[in-house]
Protein chains: 2
Amino acid sequence: MVKAGKEDSTRDKILDAARKVMTRKGLAGARMQDIADEAGINKALVHYYFRNKESLFELIFKEAFILLIPKINEIFKGSSVDFFDKIRAFTEAYIEMALKNPFIPMFVLNEVNTNPDAFNNGLLTQLKNLPFNEFYKEIDSAVQKKLIRPIHPPQLMMHILGMCVFPFLAKPMFKKFLNLNDKEFTTLLEMRKVEVADFVIQSLKI
Amino acid sequence: MVKAGKEDSTRDKILDAARKVMTRKGLAGARMQDIADEAGINKALVHYYFRNKESLFELIFKEAFILLIPKINEIFKGSSVDFFDKIRAFTEAYIEMALKNPFIPMFVLNEVNTNPDAFNNGLLTQLKNLPFNEFYKEIDSAVQKKLIRPIHPPQLMMHILGMCVFPFLAKPMFKKFLNLNDKEFTTLLEMRKVEVADFVIQSLKI
DNA sequence: GTCTATAGTTAGATAGAC
DNA sequence: GTCTATCTAACTATAGAC
């Protein structure tokens with residue numbers, strides 16, 4: 001039975017364990033057995049609570065990603081806010097989310113690449129909640145007002161997402177290259193919250 | 001027996017088939033059976049020529065990636081060449097390689113994330129052939145000469161790689177979002193050869 | 001060199017006792 | 001709800017005939 005008290009329910013223990021294992025081993029590397037071990041329970045129990053691996057991971061993803069949507073929406077709502085400030089807020093929110101849930105970028109990538117149907121029905125619906133169209137309009141409008149130089153909105157979107165996401169995807173590679181430990185690399189990622197925004201703004205301004 | 005003539009040897013047929021399947025289904029999705037079918041031969045033959053899946057794919061990767069190394073090296077050799085031209089040449093060469101071998105980015109990512117040991121022993125050695133240190137020195141030197149604003153070289157490296165690589169990784173997602181077919185999206189990627197360089201240069205110049 | 005048949009391996013999923 | 005034991009599916013890899 002699920003209690004309201006401080007004791008974690010088994011269900012929550014499994015969710016915590018799954019998040020940990022996914023963060024450590026990535027989506028594909030996360031075994032149901034690993035999750036059960038990490039939670040200190042039996043593998044069958046994981047299936048008892050979450051029908052199968054896919055629905056477990058989809059739930060975890062939604063819980064993490066759903067928090068991002070209102071933030072991003074809020075950022076692009078106020079049409080009075082400075083365009084550059086919106087870019088700052090965006091990279092901040094996005095990298096913050098990825099720092100808290102390092103498995104998300106690879107999760108999305110995997111869903112997109114290996115399971116196009118599931119992606120179209122599930123993830124895509126989530127992602128469509130993000131106001132990309134608002135962002136595109138903002139860009140065009142900023143170009144009109146001569147606030148920024150002309151740029152193709154989708155290209156800019158790819159620039160920004162690439163800079164935000166890629167370091168999380170290629171973390172082990174960069175760590176090796178730069179000869180950094182986990183903490184040092186995280187610091188580098190923290191800095192990117194403003195670093196990326198600065199880079200973009202510097203490039204766009206006339 | 002391997003002939004010098006125009007007839008593809010079985011070995012070459014397998015390599016071609018593997019490249020095709022990998023490009024279509026990604027590394028993880030590429031089955032030995034798929035490769036055998038594509039090559040029009042038996043699955044056992046794939047094992048006969050290439051001991052196992054891993055060594056087959058490592059070979060394919062090396063063949064594709066090895067071509068990039070001399071190019072990148074050449075770019076960073078001439079110290080007389082304009083710094084911005086080097087950036088242009090780099091994005092050009094990198095995106096060109098990825099366009100020809102779309103499976104490479106995901107391949108590298110997978111190796112790095114799921115198989116750290118294999119990465120350290122194989123792939124990393126290849127990647128270390130890329131003159132990143134040269135590039136870092138160039139950046140610092142360009143800053144000294146007031147050609148560009150101050151920037152942390154590793155951050156810039158992450159910016160550039162992210163912008164070059166990410167669209168290939170997230171191709172199905174972007175296609176959906178932007179509502180483009182394969183050809184249209186490839187055109188977008190083609191444009192990024194100069195688009196990314198322009199974006200970087202615009203951001204760096206004083 | 002090439003094939004058929006089969007062994008081996010790894011995980012996800014389920015049945016059924018407690 | 002929780003466990004042990006087992007089934008099944010999907011692949012990789014090998015043995016052995018031709």
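Naming convention: chains lettered A, B, ... in sequence-line order (proteins, then strands); numbering from 1 in each chain. If you're wondering where the values come from, they're calculated on a predicted model, not measured in any experiment.
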- Message: Do the side chains of B/Lys100 and B/Glu96 get close enough for a salt bridge, i.e. N-O under 4.0 angstrom?
- Response: yes

- Note on the structure: Sorted by chain and number, sequence neighbours left out, ring-ring contact (aromatic ring centres under 6.0 Å, His included) with A/Phe177 holds for B/Phe132

- Note on the structure: Looking only at C/dG12, C/dT2, D/dT2, the nucleotide nearest the B/Thr10 side chain is C/dT2

- Which pair of non-hydrogen atoms, one from B/His159 and one from B/Ile151, has the smallest distance, and what is that distance? CD2-CD1, 4.4 Å

- Note on the structure: Of the candidates C/dG12, D/dT2, D/dA13, the side chain of A/Met32 sits closest to C/dG12

- Item | Rounded distance in Å - NZ (A/Lys53) to P (C/dT14) | 15 Å

- Query: Rounding to a whole Å, what distance do you find between B/Phe50:CZ and D/dT14:C1'?
  - Reply: 18 Å

- Message: Rounded to whole Å, please give me the gap between CG in A/Leu45 and P in C/dA13.
- Response: 15 Å

- Message: Nearest 0.5 angstrom please: A/Ile75 CD1 to A/Tyr94 OH, how far?
- Response: 12.0 Å

- Under 4.0 Å between a side-chain N/O of B/Arg31 and OP1 or OP2 of D/dT12, yes or no? yes

- Message: What is the separation between atom CG on B/Leu27 and atom C1' on D/dC11, rounded to the nearest whole Å?
- Response: 14 Å

- Message: At 10 degrees resolution, what angle do the end axes of the helix from C/dG1-D/dC18 to C/dC18-D/dG1 form when each is taken over five base pairs?
- Response: 10°

- Picking from C/dA13, C/dT2, D/dT14, the nucleotide nearest the side-chain atoms of B/Tyr48 would be C/dT2

- Item | A/Lys13/A/Asp16 ion pair, N-O < 4.0 Å | no

- Message: Can you tell me if B/His47 touches the phosphate of D/dA13, counting only side-chain N or O atoms and a distance under 4.0 Å to OP1 or OP2?
- Response: yes

- Task: Would you please test A/Asn101 and A/Phe61 for side-chain contact (heavy atoms from CB on, under 4.5 Å) and show each step?
- Result: CA-CA 9 Å; A/Asn101 309 282; A/Phe61 169 79; over 6 Å; no

- Report yes if at least one side-chain N or O of B/Arg51 is closer than 4.0 Å to OP1 or OP2 of D/dA13; otherwise report no. no

- Measure from CG on A/Leu56 to P on C/dG12 and round the result to the nearest Å. 11 Å

- Item | Length of the line joining A/Arg11:CZ and D/dT2:P, which is rounded to integer Å | 13 Å

- Between B/Gln202 and A/Arg149: side-chain donor-acceptor atoms closer than 3.5 Å: no

- Task: Hey, can you tell me if B/Phe76 and B/Phe90 have their rings parallel, tilted or perpendicular (30° and 60° cut-offs)?
- Result: tilted

- Message: For DNA chain C, which residues of residues 37-44 of chain A approach it to below 4.0 angstrom with any heavy atom?
- Response: A/Lys43, A/Ala44

- Which whole-number value in Å describes the distance from B/Ile35 CD1 to D/dA13 C1'? 14 Å

- Message: Please tell me whether B/Phe174 and B/Phe166 form a close aromatic pair, meaning their ring centres lie under 6.0 Å apart.
- Response: yes

- Starting from P on C/dT14, measure out to OH on A/Tyr49 and report it in whole angstrom. 17 Å

